[in-house]
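Read through the structure below, which is laid out as structure tokens, and then see the notes.
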Amino acid sequence: MKRTHNCNELRPAHAGQQVTLAGWVHSRRDLGGVLFIDLRDREGRTQTVFDPADLPKELFEAATKLHSESVIEIIGKVRVRPAGTDNPKIVTGQIEVLVKEITVLNHAEVLPFPVDDPEVASKVNEELRLQYRYLDLRRPEMTRNLRVRSKVATATRVFMEEQGFLEVETPTLFKSTPEGAREFLVPNRREPGSFYALPQSPQQFKQILMCAGVERYFQLARCYRDEDLRADRQPEFTQVDIEMSFIEREDLYALIEGLLKRVWKTALGQDIPTPFRRISFEEALNRYGIDKPDTRLGMELVDFTEEFRASTFKVFSGAITNGGVVKAMNAKGLAGATQGQIETMTEYAKSFGAKGLAYIKVENGEWKSPIVKFFNDAEKAALKSKLAIEEGDLILFAADQWLNACEILGKIRLYCAEVLKAQGKLTVPADRFDFLWVVDFPLLSFDKEMNRWYSSHHPFTAPMAEDVPLLKSDPKKVRGQHYDIVVNGVELGGGSIRIHRPDVQKTIFEEILQISPEETTLRFGYMLEAFKYGAPPHGGIALGFDRLIAILCATPSIRDVIAFPKTAKGVCLMTNSPASVSPRQLRDLHIEVKTAKKE
RNA sequence: GGGGGUGUAGCUCAAUUGGUUAGAGCGCUGCCCUGUCACGGCAGAGGUUGCGGGUUCGAGUCCCGUCACUCCCGCCA
């Protein structure tokens, strides 16, 4: 039953040849006398023609009864379509195959949802798509996503190989680490009460590989995090994991820029300019109110702390007196915001602990605002010039501690962009990709509830050399040699230059992070020991492969680029996993289940 | 853990202030049709309005609970 051609291959040049095609019945058009069946396989579609004069009656009858998505094989002769019956919509539209023989390889029952109509299929309830994922994946859009994913994976491997990297597999049965995401545990049958943990990332193994002298490691690594899901987060996901020895940050930037250049060329045929912009964490917050800015949107934040330091408007001057700042943003053209939209923005502000949201609507040459009466002429003039205020603008303010004020407006900025896009007042070309490196992150953040410092990134990140003396005296000021790669407001990945000296690493664990020496030894002893026997300076990065593919496929959800994704509750609707296990299995694993009582 | 949205025929959706027999398009079944490609025409079948309870003379519609999907917050070193 070997096919001679695929369904996207035949052209007028093949006219006269006998061919064998196999595939799915995409659509059927029964004109009573003549019958057309569009046969589809992975590559495309070909029209086949059934003429009752050419076929035994039973075969023709059988063909008229075929349901969509039945699997058939046909043998027939290629011919150029009669004049005027070409179909310019498909590449095989100039020819058709006159069927001589047909074999029904598998009959399909009536489908739970249509796969032949992209308009309808794209709107089908995702629950149903996930339950019948094998049907969903037959849709050309989904097939394309799988194809892009495969091509990018291959391009990545080829590029990394060219750059001298070794792909090394690391264990997925690992052990629990004290900080970071909640982990999936795997009970150990051989020792009651002990567990493997699935890795959140191969972080420790890749650093050990540097100690092993591998020098350049990469892996398309599966990672597991038992946290709640989002459109861009699944409990199991794939990282392009990379680690290199004897490098500085710039070496890594160049590598990733080269990789992404290759990937964009491969997937989209697009040449992206390199090097990418660099922006510090502080500047990102100051200008965009977020550490992963979408720089395509404009509407940058502007600082007005000096202008309002002595203002009679106490909400602003008071915040400044308390060590805070005043920030403002011009949502260009959004003066017509509805009460509901202002309300939504106010809720964002309140969720950050602000009391409310100050704003000015610029309409009919007037500044409409509950607060503008408190501003003097100099303050108004400063606003007008620094925010380039024009008719139709909406000005939004935040007065709070620096980080909070920035983040409030950062959140509102993204909301405003959504509203403006929906109104057609803001358009972003689909082929525009704003890449940037965000650098100079604070090494540590303070947890008020636990009253202790924790790593902003992870505890292996090296501090900036010149900031090391501040580690104990002023931890807040210490910057880490950490970097994030951001594209269009999406955090594509992050990494850092690592600590490679055991004494520094031990200080971080024990003195800064307050992990007890016993715990440190228990969890990271092997790593600290490895560092004693000649650890090269090293650093690396991990890119979120699913997010990367989602961006290339222009879909907001990584579920569209994962063959068998989970729902928001971590369930696979096709296989119904997770599921209960037998008492015997539990007994073998020394596990007793205490079922939660439901009221 | 919290907040928002959705749930009506196989699919996508409608159904006025709570009011007669819950409709449409596609799909499906039957019949007709020899150049269609969203084929066309005629006829037909198809409903526990997610589930449970309540209010009411009367509930798809209102109330309470619950389940599923989804988006967001928390969380994601």
Side-chain angles (χ1 to χ4, degrees), chain A residues 26-38 45-54 60 64-65 67-69 81-90 92-93 96 98 109-132 135 177-183 199-201 203-204 223-235 237 344 347-348 350-352 411 414-415 418 443-445 447 453-461 480 482 491 494 496 508-509 513 515 523 542 544 556-557 559 566-569 571 573 598-599:
Chain A
H26 187 73
S27 64
R28 201 186 62 214
R29 294 176 296 281
D30 184 351
L31 273 65
V34 68
L35 169 68
F36 298 101
I37 286 180
D38 280 352
R45 272 155 59 186
T46 298
Q47 172 165 287
T48 64
V49 191
F50 294 70
D51 188 331
D54 279 350
F60 186 80
T64 63
K65 299 240 176 335
H67 280 156
S68 284
E69 299 304 305
R81 293 193 189 190
T85 62
D86 288 7
N87 182 358
K89 289 180 194 165
I90 57 175
T92 59
E96 60 192 6
L98 183 64
E109 295 192 3
V110 176
L111 303 173
F113 63 89
V115 305
D116 60 331
D117 184 340
E119 293 274 318
V120 178
S122 63
K123 283 164 70 182
V124 170
N125 190 348
E126 192 166 8
E127 204 173 340
L128 207 62
R129 291 174 52 201
L130 291 177
Q131 188 184 345
Y132 298 97
L135 296 180
T177 51
E179 289 192 68
R182 188 182 301 118
E183 296 161 316
Q200 304 168 37
S201 79
Q203 183 62 34
Q204 294 173 49
C223 306
Y224 306 86
R225 294 181 189 172
D226 187 8
E227 298 290 352
D228 286 330
L229 288 78
R230 290 282 192 282
D232 63 350
R233 270 162 36 190
Q234 285 270 303
F237 61 99
T344 302
E347 287 305 315
Y348 280 135
K350 285 181 176 171
S351 72
F352 282 90
K411 189 88 191 167
L414 293 178
Y415 175 77
E418 285 312 307
L443 184 71
L444 300 158
S445 306
D447 185 333
W453 293 96
Y454 64 94
S455 299
S456 306
H457 180 44
H458 62 50
F460 314 109
T461 303
H482 170 57
E491 183 192 329
S496 60
I508 295 279
F509 280 143
L513 300 177
I515 302 173
R523 299 298 177 192
S557 168
R559 288 190 298 274
K566 307 256 187 302
T567 70
K569 289 211 170 143
V571 170
L573 293 174
K598 283 185 181 171
E599 303 265 333

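The chains referred to below are lettered A, B, ... by the order of the sequence lines, with proteins before strands, and numbering in each begins at 1.
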Assign A:Asp30 to base, sugar-phosphate, or nothing according to its heavy-atom contacts below 4.0 angstrom with the strands shown. base

Tell me which one of A:His458, A:Gln204, A:Arg523, A:Glu183 satisfies side chain to side chain donor-acceptor pair (under 3.5 Å) with A:Thr177. A:Glu183

If you look at every strand shown and take non-hydrogen atoms under 4.0 Å, does A:Glu127 touch a base, only sugar-phosphate, or nothing? sugar-phosphate

Applying a 4.0 Å non-hydrogen cut-off, can you work out what A:Asp86 is touching in the nucleic acid: base, sugar-phosphate, or nothing? base

Spacing of A:Arg28 atom CZ relative to B:C26 atom P, expressed in whole Å: 16 Å

Determine the contact category for A:Thr85: base if any of its heavy atoms lies under 4.0 Å from a base atom, sugar-phosphate if only primed atoms, P, OP1 or OP2 are that close, otherwise nothing. base

Within the structure shown, what part of the strands sits under 4.0 Å from A:Ser201 by heavy-atom distance: base, sugar-phosphate, or nothing? base

Whether A:Phe113 stacks on the six-membered ring of B:C11 base, 5.5 Å and 30° limits: no

Describe the nucleic acid contact of A:Pro82 in one word from base, sugar-phosphate, nothing, applying a heavy-atom distance below 4.0 Å. base

With hydrogens left out and only the distance checked, is there a donor-acceptor pair under 3.5 Å joining A:Arg81's side chain and the base of B:U36? yes

Could you tell me how far apart A:Leu128 (CG) and B:A9 (P) are, to the nearest whole angstrom? 12 Å

Got a salt bridge between A:Arg233 and A:Asp228, using NZ or NE/NH1/NH2 to carboxylate O under 4.0 Å? no

Rounded distance (Å) that lies between atom C1' of B:U36 and atom CZ of A:Phe50: 14 Å

Distance check: side-chain N/O of A:Lys569 vs OP1/OP2 of B:A68, anything under 4.0 Å? yes

